[in-house]
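Shown next, in structure tokens, is the structure this report addresses.
In what follows, chains are A, B, ... by sequence order, proteins preceding strands, each numbered from 1. Hydrogens, waters and symmetry mates play no part in the numbers below; they use all other heavy atoms, side chains included.
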There are 2 protein chains.
Amino acid sequence: MSDLLERLRGRGWRLTSQRRVVAEVLDGDHVHLTADEVHARAARRLPEISRATVYNALGELVALGEVAEVSTDGRAKRYDPNAHHPHQHLVCSGCGLIRDVRPDGDPLAVLPAAERFGFAVSAVEITYRGLCPACARPGPPAAPSNDVRAPG
Amino acid sequence: MSDLLERLRGRGWRLTSQRRVVAEVLDGDHVHLTADEVHARAARRLPEISRATVYNALGELVALGEVAEVSTDGRAKRYDPNAHHPHQHLVCSGCGLIRDVRPDGDPLAVLPAAERFGFAVSAVEITYRGLCPACARPGPPAAPSNDVRAPG
DNA sequence: TCTTGACTTGGATTGCGTCCATCGTAGGAT
DNA sequence: ATCCTACGATGGACGCAATCCAAGTCAAGA
């Protein structure tokens, strides 16, 4: 975490209080917050932080490769701080819960040359979909979840 | 194509001229149009068709399983008439060209049980990314493409 | 401490999509 | 062939996510 801030400063990132709280909010495992959720959490510590600043900081973190953008539904993008550990996503069709997962082998390798149409294929994004245990159980479905465990 | 219209009528779809042109616009291979592009093409044949009608028709075709929704960028959803043939997508990072591709084997099988967190995993969406031959070549990049070959 | 260019702000704006009240019409009934 | 009516089409208002912009603020090097 402070590693992250050090690394960013070493890359010429001016370390403002706004950027600091955005980076701090995006800490933890299986964290996939929308920009608005990041803004809400950041505002708990820095009430005057604006949405534009949150968008700016998120965009920079993505450009620097420190955070990954995830769009598992057609709605708002989510931001995943687990960018240094290649992974894919498993999404509950019921409540929206998102887990980071690692498939076996190299996902790129399963695309045959004949199916590459001459492309230089360099990356792959995979979204697995299904029902989480809570939503699969009979009874009332789980409340929509943003899958956040880190305290605000 | 007329197969499609027959099938839809058999399922109680009232066949209006608007729905017909939307279905016709969405014909062909490797077609991935946005709703706005569908509307523009439909309007060439039926100038008074409204955006709301296009959205309605697309939504119904998706619900009926005749068309698949694709969101390969964070922007507008695209509509893929190739829904009866399970496939994944290969997207050019330069120009946005989209190709339908078929990876080897069952993409679901590579997710180990230990990585399923108790989910009943039932579907998977894969986006491969890379540069198409035109964009990989030195020189001016290919113009942004909507990957449409079917004449308007 | 001073200076300056990078950063922040919030309101306007855009892009994509949905909603809604009203009007029109496909297609079964006669 | 004509009539009926429920389903579909229309377009303008609306909502949400994200970006843009001009003006004010401040981190950090000199």
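Computed from coordinates, the B/Leu61 CG to D/dG8 P distance equals 12 Å when rounded to whole Å. For A/Ile49 and D/dT25, the CD1 to C1' distance is 14 Å, given to the nearest whole Å. A/Leu8 places its CG atom 18 Å from the P atom of C/dA6, with the value rounded to the nearest Å. Between the NE2 atom of A/His39 and the P atom of D/dA18 there is a distance of 14 Å, given to the nearest Å. Protein atom CG of B/Leu5 is 15 Å distant from nucleotide atom P of C/dA26, rounded to whole Å. We find that CD of A/Glu60 is positioned 7 Å from P of C/dT8, with the value rounded to whole Å. For A/Leu46 and C/dG10, the CG to P distance is 11 Å, given to the nearest whole Å. One can place NZ of B/Lys77 at 18 Å from P of C/dG15, the figure rounded to the nearest angstrom.
B/Arg19 comes within 4.0 angstrom of sugar-phosphate atoms only, judged by non-hydrogen atoms across all strands, and of no base. When heavy atoms are screened at a 4.0 angstrom cut-off, A/Ala52 is found touching base atoms of the nucleic acid.
Between the side chains of B/Asp80 and B/His87, at least one donor N or O lies within less than 3.5 Å of an accepting N or O. With hydrogens and angles left out, the side-chain atoms of A/His85 and A/Asp100 include no donor and acceptor closer than 3.5 Å. Judged by distance alone, the side chains of A/His89 and A/Glu125 never bring a donor and an acceptor atom under 3.5 Å apart.
In terms of heavy-atom proximity, A/Gly94 sits nearest to A/Leu131 at N-CD2, 3.7 Å.
For the pair A/Tyr55 and D/dA18, the criterion of a side-chain N or O lying under 4.0 Å from OP1 or OP2 is met. A/Thr53 has a side-chain polar atom (N or O) that falls below the 4.0 Å cut-off from OP1 or OP2 of C/dT9. When the side-chain nitrogen and oxygen atoms of A/Gln18 are compared with OP1 and OP2 of C/dT9, one or more of them lie within a distance under 4.0 Å. Here B/Arg51 does not reach the OP1 or OP2 of D/dG11: none of its side-chain N or O atoms lies under 4.0 Å away.
A salt bridge does not link A/Glu24 to A/Arg41: none of the charged nitrogens lies less than 4.0 Å from a carboxylate oxygen.
The base of D/dC7 sits within donor-acceptor range of the side chain of B/Arg14, with an N or O pair under 3.5 Å.
With DNA chain C read from its 5' end, the first of the two nearest nucleotides for B/Asn56 and B/Arg9 is the one closest to B/Asn56.
Closest to the B/Thr16 side chain, of the nucleotides D/dA28, C/dA26, C/dC16, is C/dA26.
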